[in-house]
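Letters A, B, ... are given to chains in the order of the sequence lines, protein chains preceding strands, and every chain is numbered from 1. These values consider heavy atoms only, across backbone and side chains, with no hydrogens, waters or symmetry-generated copies. As the structure is a computational prediction, the values presented were derived from the model and not from experiment.
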Amino acid sequence: MPKPKVAFYWCASCGGCEETVVDLAEDILGVVEKVDIVLWPVAMDFKYKDVEAMEDGSIFATLINGAIRTSEQEHLAQLLRRKSRYLIAYGACAQMGGIPALANQFPREQVLRFNYEEAPSVDNPSKTRPQTVVEDNGRRPRLPAFRNVVRTLDQVVDVDYFIPGCPPTPNLTKAAFDALLSGNLPPKGSVIAPDVALCHECPRKASKPTDVAFTQFTRPHLTLADPGKCFLAQGLVCMGPATRSGCQAACINGNMPCTGCFGPTSRVRDHGAKMLSSLSANVAARDEQGIRQILDGIPDPVGTFYRYGMARSILRRRVDLGVNGNGH
Amino acid sequence: MKYGYFPGCSLKGTGRAYEESLLPVLRHLGVELVELEDWNCCGATAYMAVDEGKACALAARNLALAERGGFQQLMAPCSACYLVLNKTQHYLDESPAMRRKVEGALGTVSLKLSRQTPVRHPLDVLLHDVGVEAIRQKVTRPLSGLRVAPYYGCQVVRPYATFDDQANPTSMDQLLKALGAEVVDWPLKTKCCGGSLTGTLPVAGLRLAYLLLKEAKKRGADAIATVCPLCQFNLDAYHDKIAARWEPVRLPTVYFTQLMGLAFGMPAHTLGLQRGFVPLELPAPTAA
Amino acid sequence: MANGNGNNRTSPERRPRIGFYVCHCGVNIAGTVDCAEVARYVGTLPGVVLSRDYKYMCSDPGQELIQKDIAEYKLERVVVASCSPLLHEHTFRTAVEKGGLNPFFFHMVNIREHNSWVHTDRAEATAKARDLARAAIERVARHKPLETKRVPIKPVTLIVGGGIAGIHAALTLANAGKQVILVEREPTIGGHMAKFDKTFPTLDCAACILTPKMSAVGAHPNIRLLTYSEVVKVDGFVGNYKVTIRRKPRYIDEEKCVGCQDCISACVFKQPKFTDEFNEGLGKRKPVYIPFPQATPQVVAIDSNVCLNFRNGPDGSRVVSDKCKKTCVEACGDRNAIDFTQKERFEEIEVGTIIVATGFQAFDAKRLPAYGYGRYPNVFTALEVERMVNASGPTGGHVVLRDGKTEPKTVGIIHCVGSRDKKTNRWCSRVCCMYSMKLAHLIKEHTHAEVYNFYIDIRTPGKGYEEFYNQLLDEGVHFVRGRVGEVTDWAITPEEEGKLVIRVEDTLAGVVRRIPVDMVVLATGLEPRSDAQEVRRLFNMSCGSEGFFLERHPKLAPVSTFNDGVYIAGACQGPKDIPDTVAQAGAAAAEALSLIDKGYVEQEPNTAFVLEDECSGCKSCIPLCPYSAIQFDDARGKAVINEALCKGCGTCVGSCPSGSIVQNLFDDEEIFSEIEGVLAYE
Amino acid sequence: MNKEWQPRLVAFFCNWCTYTAADLAGVSRLKYAPNVRVIRVMCSGRVDPQFILDALAKGADGVLVGGCHPGDCHYVEGNYKMLRRYHLLKRMLKDMGIEEQRVRLEWISAAEGHKVRQVVNEMTEQLRALGPLGLPQKFEEWDREVERLAADVHAREAADAAAACAGRTSAEEVTHA
Amino acid sequence: MKEIQRTIKYEADRVPGFGREVMSVPGCEKLKDCIQCGTCSGVCPLSIYMDHSPRQVMALVREDFKREVLSSCTIWLCASCYACTVECPQQIRITDIMYELKQRAIQEGFYPKRFPIPVLAQEFNRMVHDHGRISEGRLVTKLFLKTKPLEAAGMAGLGMRLMKTGRFSLKQENIRDRGDLARIMEAMDAPASGGNGKD
């Protein structure tokens, strides 16, 4: 029996997810042994043409990481969808937009202008920007179009499973492969991670009091967190209560509060709204001014509650931005 | 303390004595009045009776002048002016259509109404900004033995004033007491003096003035103190007619500011006291 | 489709079979909403197997129609679009249950109060009805079978306020064999009625009809009377209220005092010299006193504010000084009833039902300076005159001027003082026409004075009331239709000298009149007690805009409140006379009785529960519950909701960061489907 | 929709105060704008910010939450919980480009039928002045670039194939959307 | 003996819509709430001279008896003391309604030619319009000459004494920006943006 074909692809991402695959360490050998990797741009040289030439549905499983921002990424997502039996959104960006989706707060034009003109590290006096078609000694190479909206993978193509995390842990990755290869699969659309929030496995759980009432909020760079105590009890926003577990509290163990990369549980439609709801309801003040004062300790609610989930959120994007990038 | 000052037509005419006493008295108390440049007649009650739109615009021009002059507050000593200016503000607040129209009209001569300029009566300012205590301290010749009936008239407390009780105002009572005068309590403090009817329908108008004088006299008053030029005129100018029609009820009627000036030791003639028809006689000062 | 959070439960697997009914409510709904169109539209929605419009759904045939359809069409869910669920949800749930379905497989759509009665455009109203119905169809498909809980009722009733309403309700319940705790703020029960001389229109002596009832309360084995006490805290819910009562120190041991009043005569103050509240300040009393001869309980009280044995403590409160000779203690002798060491005490009681009968307060006549109360001595309030005409009152039944001796020859009674006036109280006080006429009769009887009544309208809608008005006309009392402009001592004519002058337009004769009188009586209106807002909060009730307690329904639930098990009676609900007050007190007692005799209350199963496997134990919800219904289970590291304590607000549900708490009847999917439903129009 | 656009207002009313007030408005026959759709919850504390976002995303132009006055909550202080959420939610919504007036929290007691009318009318007019939020249409509009790409790619592939045959480059340019 | 007059009112005596028109003027709306209690007449210092009491005027307006109201001396006797407005239990602004009725009476010429009060109002306004301020001496002189030329002489004594005390002058006061004032008034006359603002 031929080994099942597997493909990896990356879109708008940092490469961390690819790292995780490599981080499977010796386990990767087990995987490689069982499968036939037909596409893995970050590690091996394959041509798209080879993929295009494949028969539809002939790839057993494709893991795509990264959010979708360019026309090329859309194109490849569509192509790989066609060729694969299982398409898996791998990592926070593919699942929820991830860090790249924070750009959904800004018009496309502003992103381009900053990156090609205004960023302190840029030296571009002629204000050259990438064009989709350029003239180069008679040749006309094409570049992908940069989209207005950052999307999750499943907002572009149909996705079978989601593996969360920024990046997903090797354990989860391995478990996912095991499930795929054994055929012991959860219902389509499942997120392959525990459906309980992080507090469940948090080593600091016992240190959280049952009568928490926030009197002020602080931020990790402004304080030295007590390594033994629940972050929330210290007035640090920790997304743990609203975020799926499965990371084995990696950040917490590094004395950093959870920032929510595993996304919400299946019972929640909007990760940020839920955390916002829980956090603010527990503010101590009763008068409007007191409430305002305490909550002003969270200066950037969007960045705090939707750090990874903007594209997945109910609103998806700053709503006054039009398709031409600059709002109405 | 600095206020824009809107004298109104009467204070330049029949009510000159009010201005003549008001200005030095307030100056003495450290209140600075700056007369509004090129003010016009407030419109009084007559204008309202003909065209309330124009009446509003007329009064509003003064409010706009106050704004242009940079005054935070405007003092209007005449009760009618005080009422009309306040009423205009209420009117403009309640009727957006009227406000648009009036603002448009003022706009044609580059005037605008972008903020509220509170319109204050001297009684209000004296009681709440200066304070009774500060006034008491300035008294050098207390009006001991002078029995004064405080007469507020109608338009200073009705219907817009918020600085005193509408049914039983007491601000002037407090002032007079601070001056050392004896205050005659009477239930006619805010009854109408007859207004402009004394001139147009003397039967009706003068009767009211007569009843006021009669009751004040009956209750033992030596003088009536007023806050309004029309009230003062009505109670002072018609004694002959009243005597002819009913009975003589001669009693001096003076502005409360004149009494203040006297109590502050200012000479009577600098306070316009010589302009009254019925002269005010002060009891001989008793050794304290 | 999956949504990337792993949520693939957005729609139920199979649409249940739904029956839909839209009620015309006569023309109440059908007049504005095209009911047939709504029924037609809803019939096209997925899952709806039956859609009807019907004239009166809440009628018996309407309910039977539902039951029949459930059987015939094998309905699994029912939606009725009619009036407010607060009115008929229970009716239809019962009908659904009788039809063989779980009663919570039902949802109600409010297209009357929220639609036909508040909108005018037929097309818009019909569209709105469609939207609301669609939302209900979406929602009801997700309903789960639920069971109501039955909670036993403590067979004890708390009655707050010992006026005629509280007294009557207490006796009604106690005579039915139920336990009653009656709390009264003053040292005696009796309320306003105890101050009255006669009652209109029959002119019964108030004391003759009230005091036997007061004694009956004092003696009844089923009534525990707590006077000089106030309710300070109410916890719990219908059937099981925990109420904290503050018992103010009266410095008398109520058990030991026999009401001999020897202490009063023995007091070091030989003459009474302190304001006697019971007599509206017209009389005087001593520091140790009994409010009036028939006071119940027959126990004296010591007023620490004026008693010589007290002084001001450092915090302003009164503390025992022990400076007095204490002749009262001496007089009490062996009975030892006087106890200067008494302190304020708090007592917690448990009751199942509560009747609030806290009454009214009379309008403060000083708020209308034009009538001169407080300025002119001979302007009186009606209550003052009421005490004066009373034989046991401060003047021994003589109506006299403030000098205490002169009888008035002319009296003007001004109606509507602090009533029907937008500057003070805009409502009609309902009793002042009648009591003014009663006082007119009594004043005339006592003094033979000329009596003028100044009124805006004479309102006599009661049994025997109009006849009483006719009697007064016969007696020669003047009735001048006109609201008095002012009362003044300013005399213009000789006959006005030394009198109070009433200036009024006689609107029937069409002339303005000045009428000199010796005495002016102000018929002050009734208004909510100044602490009505605090009392309302205490018992979780609502107030109408004028500040009287709000009944659940003005016609169908006039003594119920929005808080189950709490009833209102008497003038705290709105101005009313004694017959209506007593009737209402009886009604409130009957409501309490019917609950007690039923023995239990059914609780709406809208409680919340924690999904045990899904809860991460983050503890965020625990401090949010005001009833401490959420506990942290240390062993399992999860939150647990005690269903018995949960009141079903859903705050924890809306706040659970991982969506692991569910509220019955209001779960997330039900609400999301409703949102989608109201917005998903073509 | 060929009818003139009408603002859509979704309201979450607490059972004890505001829903009852709306009933009272009905009993009193107070007329107000028909643009509101009321969803009953037991307490304003039940109003999950997700509901508000979801309503906006499903096509509401504004969301009104009605609860008991502070101190009057039937459940002691559910309304305070909502008040706290409201503050942070409003800031979040502002950062997401949603106008201040689209989401409003009001305390309306059972006796304030007139306030229901006033608030609903006021908000309806404010929404009318703001114009449609139109999120469902926006989502569609935003996603059109993806659909267009699929078509563009398709066309280009065909053109490339043709060009390769003809030995010249495609003249077609993909414009920035 | 008094002459007898018909007092019954027929429907033809009404001018339907008059009441509604008055009640639509800002400030006059609450007239519809009148409960005919008579407080206004009770407090009115001039009510004793009125042919219709203020209360009756309210009723007549509401029932469209335009002629009776506009020809009534009541509206001219109102001295604007605002006692009725302040005391009215229905918060009807009776003084403002009186102003409104005065305006209508002037517009429709409903008063006797030499009746002094409207003449005063008009003379007053003319003077303000032309000069910006009132010169009381001139105004009073004009008024008497126009309405009671015979009595004017009788007033001379008062005038002389006022002059002696420096309170009477025939000098005309003027404001500087009379042109501005005229323009403002002109703009108020322009029908463009909503007439007189009453709608």
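- Residue C:Asp634 does not touch chain A at all, counting heavy-atom pairs closer than 4.5 Å.
- Taking both residues in full, the closest heavy atoms of A:Lys208 and C:Ser620 are given as NZ-OG, 3.5 Å, listed atom of the first, atom of the second, then distance.
- To the nearest 0.5 Å, atom NE2 of residue A:His200 and atom CD of residue C:Glu614 are 11.0 Å apart.
- Interface residue A:Pro209: only backbone heavy atoms are found under 4.5 Å from chain C.
- Atom CD of C:Glu534 has more than 12 neighbouring heavy atoms from other residues, nucleotides or ligands inside a 6.0 Å radius.
- Scanning all heavy atoms of the two residues, the minimum distance from C:Cys615 to A:Val196 falls at O-CG1, 3.8 Å.
- Two residues are said to be in side-chain contact when any heavy atoms from C-beta on lie closer than 4.5 Å; C:Leu611 and A:Arg267 meet this criterion.
- Of the atoms belonging to A:Ala273, not a single heavy atom falls under 4.5 Å from chain C.
- Interface remark: of the candidates A:Pro241, A:Ala206, A:Gly309, A:Ser277, A:Pro241 forms the most heavy-atom pairs closer than 4.5 Å to chain C.
- The greatest number of non-hydrogen atom pairs below 4.5 Å with chain C, out of A:Pro186, A:Pro264, A:Gly263, A:Ser280, is found for A:Pro264.
- Contacts between A:Ala213 and chain C at a heavy-atom distance below 4.5 Å are absent for every atom of the residue.
- Both the backbone and the side chain of A:Thr210 have a heavy atom closer than 4.5 Å to some heavy atom of chain C.
- The CG atom of A:Asn282 sits 9.0 Å away from the SG atom of C:Cys621 when rounded to the nearest 0.5 Å.
- Here the closest heavy-atom approach between residue A:Met275 and residue C:Pro657 is recorded as SD-CB, 4.3 Å.
- Here the side chains of A:Asp211 and C:Ile622 are not in contact, with every heavy-atom distance at 4.5 Å or above.
- Although no hydrogens or angles enter the test, the distance criterion places a donor-acceptor pair under 3.5 Å between the side chain of A:Thr265 and the main chain of C:Ser658.
- Few gaps surround NZ on C:Lys144; more than 12 heavy atoms of other groups in view lie less than 6.0 Å from it.
- Among A:Cys202, A:Ser245, A:Ser278, the residue with the largest count of heavy-atom pairs under 4.5 Å with chain C is A:Ser278.
- Contact annotation for residues 635-655 of chain C against chain A (heavy-atom separation below 4.5 Å, listed by residue number): C:Gly637, C:Lys638, C:Val653, C:Gly654, C:Ser655.
- For CD of C:Gln533, the number of neighbouring non-hydrogen atoms (other residues, nucleotides, ligands) closer than 6.0 Å is greater than 12.
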